[in-house]
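Values in this document were obtained by computation on a predicted structure and should not be read as measured data. Worth knowing before you read on, the calculation uses all heavy atoms, side chains too, and leaves out hydrogens, waters and symmetry mates. In what follows, chains are A, B, ... by sequence order, proteins preceding strands, each numbered from 1.
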Protein chains: 2
Amino acid sequence: MTTRRKTRQASESSKRAILEAVLSRAVEAGYEGTTMADVASASGLPIGSVYWHFQNKEQLFVELLDYCFEVWKQANAPIGSMRDLLRRSISESAAASASLAAPAAAFWSIGLVFAFERRLEDNLARQRYLAIRKEMFQFVTCQLRASYPEVPEDVAEELAHDLAVMGRALTDGFRVAAAAGDDIDFTRYAELAADALESLVTTRLKGYEHA
Amino acid sequence: MTTRRKTRQASESSKRAILEAVLSRAVEAGYEGTTMADVASASGLPIGSVYWHFQNKEQLFVELLDYCFEVWKQANAPIGSMRDLLRRSISESAAASASLAAPAAAFWSIGLVFAFERRLEDNLARQRYLAIRKEMFQFVTCQLRASYPEVPEDVAEELAHDLAVMGRALTDGFRVAAAAGDDIDFTRYAELAADALESLVTTRLKGYEHA
DNA sequence: GTCTATAGTAAGATAGAC
DNA sequence: GTCTATCTTACTATAGAC
């Protein structure tokens with residue numbers, strides 16, 4: 001390659017510093033509230049460098065979403081049991097709002113900002129969030145579907161879909177609670193949420209489980 | 001009074017037109033995304049009139065939140081059964097994102113924008129949203145608490161609190177789903193959500209209900 | 001109370017030296 | 001690749017005629 005090694009490393013580390021900076025600001029301020037000047041100063045680089053590494057603000061957020069989603073996938077590839085998934089998602093919600101200890105979780109808090117950012121349908125960052133949201137939903141649905149091998153296919157399919165919808169609503173809802181600063185014990189409610197969903201499973205699978 | 005009747009009526013109707021305008025814009029664009037020029041043009045009045053009726057953008061949103069909360073209270077004063085509450089809240093979520101058919105519900109969609117608008121702690125509109133959120137939570141908790149007169153006070157208290165937290169997470173979560181444009185049947189999931197919460201009640205009250 | 005014109009400012013983005 | 005200076009636009013808010 002024509003690029004020298006040291007240069008490329010410097011470039012990559014700057015890029016990462018900028019992504020970390022925009023993550024830390026975006027969690028606090030959302031999309032509109034995060035300014036490029038903020039990002040630059042938080043990253044320690046001048047604003048010119050930000051625009052050298054990223055085309056514009058929109059693309060910067062697109063790459064941030066991709067970056068966070070990669071981190072999430074690596075940490076959550078096999079989701080495990082539904083209870084584990086809820087446990088992780090809901091307690092991470094609380095963490096994400098407070099600090100950057102859980103960067104993967106922070107992604108979802110930023111993402112929700114985009115859910116409400118309906119102004120311009122052609123905002124690429126919003127479109128990317130919605131795409132990842134869909135992909136994640138499919139992923140979770142498939143995993144859940146495989147958890148009920150002993151029931152008829154159509155029943156398992158519908159059950160997995162319902163659980164995925166309910167689980168997503170619950171995790172999103174607790175992320176809202178975290179953002180609003182509600183004074184609740186997220187760990188405890190993660191368990192209660194799992195209890196509630198499991199009882200839905202039990203009710204619906206009566207007659208199939210041991211058939 | 002020194003104000004002539006016709007003048008006051010005109011003033012009130014203009015004020016209301018502006019509130020309707022900001023509501024319609026805010027549901028689509030959030031706080032930062034709604035500009036005073038947008039509001040003015042949607043209301044049919046020039047921007048100068050908007051500033052004549054409202055001190056500034058922040059106060060405009062404060063009054064919008066108050067206005068919507070009043071509408072909500074009038075429509076929901078006795079919440080009825082938990083199932084009814086969820087039914088209303090969750091199916092209204094879908095409506096709120098699509099149109100202004102349900103202005104009271106729209107309030108909550110705007111509100112969620114403020115939950116994530118953490119940038120300035122001294123944003124009065126955000127503070128008002130959080131205050132109303134708390135008030136609503138207390139209100140719902142009290143109503144739920146009264147639904148279980150046959151169980152020990154501390155058990156009923158904790159149950160009501162847990163149900164209120166879970167119910168709020170579910171309704172917020174479905175509002176997110178509506179904002180994200182998820183293709184789901186909100187009416188159906190309102191029932192499922194109620195089923196799930198009712199099973200929590202059943203489990204916990206075993207031994208008390210008919211004691 | 002309504003409306004126009006405009007002041008003031010903040011933010012996204014670029015040019016060009018180094 | 002880094003950094004500064006600056007252009008441009010868009011938005012909040014006000015002044016002042018009517």
**Item:** N/O (side chain, Ser14(A)) to phosphate O (OP1/OP2, dT2(D)) under 4.0 Å
**Value:** yes
**Request:** Please answer whether the main-chain N or O of Arg168(A) pairs with a side-chain N or O of Thr171(A) as donor and acceptor at a distance below 3.5 Å.
**Result:** yes
**Request:** Applying side-chain hydrogen bond (donor to acceptor under 3.5 Å, both in side chains), name anything that partners Gln143(B), two or more places apart in sequence or on another chain.
**Result:** none
**Salt bridge present between Arg133(A) and Asp172(A) (N-O < 4.0 angstrom)** = yes
**Message:** Of the options dT2(D), dG12(C), dT14(D), whose atoms approach the side-chain atoms of Met36(A) most closely?
**Reply:** dG12(C)
**Request:** To the nearest Å, give me how far apart CG (Asp38(B)) and P (dC11(D)) are.
**Result:** 7 Å
**Asked** Does the pair Glu70(B)/Lys73(B) count as a salt bridge with the N-to-O cut at 4.0 Å?
**Response** yes
**Prompt:** Can you name the nearest heavy-atom pair linking Val140(A) to Ala164(A), along with the distance?
**Reply:** CG1-CB, 4.4 Å
**Contact under 4.0 Å: Ser11(B) side-chain N or O vs dG1(C) OP1/OP2** = yes
**5'-most by nearest nucleotide on DNA chain C - Pro46(B) or Ala37(A)** = Pro46(B)
**Request:** Check whether any side-chain N or O of Lys57(B) sits under 3.5 Å from a backbone N or O of Thr34(B) as a donor-acceptor pair, and report yes or no.
**Result:** yes
**Message:** Without decimals, in angstroms, what is the distance between Ile18(B) CD1 and dG1(C) C1'?
**Reply:** 11 Å
**Request:** Examine distances only and state if a side-chain atom of Lys134(B) and a backbone atom of Tyr129(B) form a donor-acceptor pair shorter than 3.5 Å.
**Result:** no
**Asked** Can you tell me how far P of dG12(C) sits from CZ of Arg25(A), to the nearest Å?
**Response** 12 Å
**Asked** Which ones in residues 48-57 of chain B lie close to DNA chain C, meaning a heavy atom under 4.0 Å from one of its atoms?
**Response** Gly48(B), Ser49(B), Trp52(B), His53(B)
**Asked** Roughly how bent is the helix from dG1(C)-dC18(D) to dC18(C)-dG1(D) end to end, in steps of 10 degrees, with each end axis from five pairs?
**Response** 10°
**Item:** Separation of atom CD in Gln59(B) from atom C1' in dT12(D), rounded to whole Å
**Value:** 15 Å
**Message:** Counting only heavy atoms not in Arg16(A) (residues, nucleotides, ligands), do more than 12 fall under 6.0 Å from its CZ?
**Reply:** no
**Asked** Of the non-hydrogen atoms in His53(B) and Ile18(B), which two are nearest, and what is the gap between them?
**Response** CD2-CD1, 3.8 Å
**Asked** Out of dT14(D), dT2(C), dT14(C), which nucleotide sits closest to the side chain of Ile47(B)?
**Response** dT14(D)
